[in-house]
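Nothing fancy with the numbering, it's 1 onward along the sequence.
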Amino acid sequence: MAEAKWYVVHTYSGYENKVKVDIEKTIENNKALAEQILEVRVPMEDVVEIKNGVKKTVSRKLFPGYVLVNMDMNDETWYVVRNTRGVTGFVGPGSKPVPLTEAEMKPLGIHTDNITIDFAEGDTIAVVVGVWKDTVGVVQKLDYSKQTATINVELFGRETPVEISFAEVRKMG
C-alpha cells in the first residue's frame with residue numbers, strides 16, 4: 001500500500017459538509033476503503049463577528065468549496081471521491097490530483113509527525129486528562145492519522161466506544 005497523502009477536493013459551494021458525510025458513509029459501507037481513505041476534513045476557523053453591537057464567535061469554513069481528504073491515491077479511491085455527489089474534481093492539473101506539501105499542511109493544523117506510543121490494540125489504558133479522566137478501557141482501534149485510540153467505556157450500563165487522543169492516555173501496568 002502506498003503512503004496516504006492529503007488531497008484537496010473541489011465541491012459545489014455549500015456542499016462541503018454533505019460531501020464529507022457522503023465519503024465517510026461510503027467508507028463505512030466498504031471496509032476495504034477504510035484502510036485507503038483515512039480522513040475527510042472541512043477546515044474551519046473561529047471568527048468573532050459583531051452584529052448590533054454584540055460580539056459572537058462563529059465557526060466559518062476556511063476554504064469554502066473545498067474538502068481535504070487524507071488517502072492512498074489509486075484508481076478505486078479516486079473513483080469513489082470523484083463520483084461523490086457534490087464533488088466537481090480534485091485540485092491539480094487535468095485529472096491528476098496533486099497532494100498537499102508539508103508546508104501547505106502546517107498552517108491547517110494537520111500533523112504528519114509519526115508519533116510513537118507504548119500501547120497497542122487489546123492493551124488496557126487509563127485516561128489521564130480530559131472529560132474521561134480516570135476512565136480505564138481496552139484499546140479497540142488505533143488511528144494514527146488522527147492520533148486517537150478508541151476504547152470501550154461503560155455508559156448507562158452499556159459498552160460505548162469513545163475516541164481518546166494519544167496524549168490523554170497512558171498504558172496500565
Side-chain angles (χ1 to χ4, degrees), residues 1-45 59-92 95 97-100 105 108-115 117 119-125 127 130-132 135-169:
M1 184 174 104
E3 183 186 340
K5 295 185 185 317
W6 285 94
Y7 293 89
V8 180
V9 176
H10 189 262
T11 68
Y12 294 123
S13 186
Y15 276 69
E16 301 88 354
N17 292 328
K18 176 109 178 78
V19 166
K20 178 183 187 299
V21 168
D22 286 352
I23 292 172
E24 287 171 345
K25 279 184 185 168
T26 303
I27 294 166
E28 210 174 282
N29 294 333
N30 183 346
K31 294 296 178 199
L33 282 176
E35 294 171 10
Q36 298 174 52
I37 301 176
L38 306 176
E39 188 177 354
V40 184
R41 281 195 189 177
V42 177
M44 304 292 277
E45 65 178 341
S59 282
R60 190 167 57 193
K61 291 179 185 85
L62 204 53
F63 307 111
Y66 295 94
V67 174
L68 301 178
V69 182
N70 186 12
M71 62 187 234
D72 171 15
M73 181 59 72
N74 59 42
D75 290 344
E76 183 183 12
T77 57
W78 180 90
Y79 182 85
V80 166
V81 173
R82 180 64 187 86
N83 289 295
T84 299
R85 192 172 43 213
V87 170
T88 60
F90 283 93
V91 171
S95 62
V98 177
L100 290 173
M105 293 181 334
L108 302 176
I110 298 172
H111 306 287
T112 57
D113 306 341
N114 287 340
I115 209 166
I117 51 175
F119 53 87
E121 289 182 17
D123 287 349
T124 302
I125 58 173
V127 182
V131 179
W132 297 99
T135 303
V136 174
V138 175
V139 178
Q140 303 299 315
K141 184 175 126 188
L142 294 172
D143 188 332
Y144 288 94
S145 65
K146 289 186 192 173
Q147 298 184 358
T148 59
T150 302
I151 63 171
N152 278 347
V153 297
E154 192 171 310
L155 195 63
F156 306 119
R158 288 187 176 172
E159 289 281 306
T160 306
V162 175
E163 217 174 64
I164 307 285
S165 167
F166 288 165
E168 297 177 2
V169 299

Mind checking what makes salt bridge (charged side-chain N to carboxylate O under 4.0 Å, His left out) contact with Lys61, not counting sequence neighbours?
-> Glu16
Candidate pair Met71 and Glu39, rule side chain to side chain contact (heavy atoms under 4.5 Å, CB included), full reasoning = CA-CA 7 Å; Met71 62 187 234; Glu39 188 177 354; over 6 Å; no
In sequence, state the C-alpha distance, the side-chain angles, and the governing distance for Leu62 and Met44, and then conclude on side chain to side chain contact (heavy atoms under 4.5 Å, CB included).
-> CA-CA 5 Å; Leu62 204 53; Met44 304 292 277; over 6 Å; no
With the side chain counted from C-beta on, respond yes when Ile125 and Ile151 share a heavy-atom pair under 4.5 Å apart, and no when they do not.
-> yes
Would you sort out whether Thr160 and Asn152 count as a side chain to side chain contact (heavy atoms under 4.5 Å, CB included), showing the intermediate values?
-> CA-CA 5 Å; Thr160 306; Asn152 278 347; over 6 Å; no
Could you tell me whether a side-chain N or O of Gln140 sits under 3.5 Å from a main-chain N or O of Val138, the two making a donor and an acceptor?
-> yes
Decide yes or no for Trp6 and Pro99: does some side-chain heavy atom of the first lie under 4.5 Å from some side-chain heavy atom of the second?
-> no
Can you find a heavy atom in the side chain of Leu142 that is under 4.5 Å from one in the side chain of Glu121?
-> yes
Taking C-beta and beyond as the side chain, do Val9 and Val81 meet within less than 4.5 Å on heavy atoms?
-> yes
Flag, side chain of Asp123 to backbone of Ala120, donor-acceptor distance under 3.5 Å | yes
Please say whether more than 12 non-hydrogen atoms of neighbouring residues, nucleotides or ligands are located less than 6.0 Å from CG in Asn29.
-> yes
Test side chain to side chain contact (heavy atoms under 4.5 Å, CB included) applied to Thr11 and Val42, Val19, Thr88, Asn17, the passing residue | Val19
Return yes when atom OH of Tyr15 has more than 12 non-hydrogen atoms of other residues, nucleotides or ligands closer than 6.0 Å, and no otherwise.
-> no
pair Met73-Phe90: side-chain heavy atoms closer than 4.5 Å = yes
Is the shortest heavy-atom distance from the side chain of Leu68 to the side chain of Leu100 under 4.5 Å?
-> yes
Where the side chain of Thr77 meets the backbone of Gln36, is there a donor-acceptor pair that is under 3.5 Å apart?
-> no
When you measure from the side chain of Asn30 to the backbone N and O of Thr26, does any donor-acceptor pair fall under 3.5 Å?
-> no
Would you sort out whether His10 and Tyr66 count as a ring-ring contact (aromatic ring centres under 6.0 Å, His included), showing the intermediate values?
-> CA-CA 5 Å; His10 189 262; Tyr66 295 94; 4.8 Å; yes
What pair of heavy atoms forms the shortest contact from Trp132 to Val153, and how long is it?
-> CZ3-CG2, 3.8 Å
Are the side chains of Ile23 and Ile37 in touch, meaning some heavy atoms are under 4.5 Å apart?
-> yes
Measure the shortest side-chain to side-chain distance between Val139 and Phe119 over non-hydrogen atoms and say whether it is less than 4.5 angstrom.
-> yes
Does the Glu35 side chain pair with the main chain of Lys31, one donor and one acceptor, at a distance under 3.5 Å?
-> no
Non-hydrogen atoms of Arg41 and Val67 that approach each other most closely = O-CG1, 3.4 Å
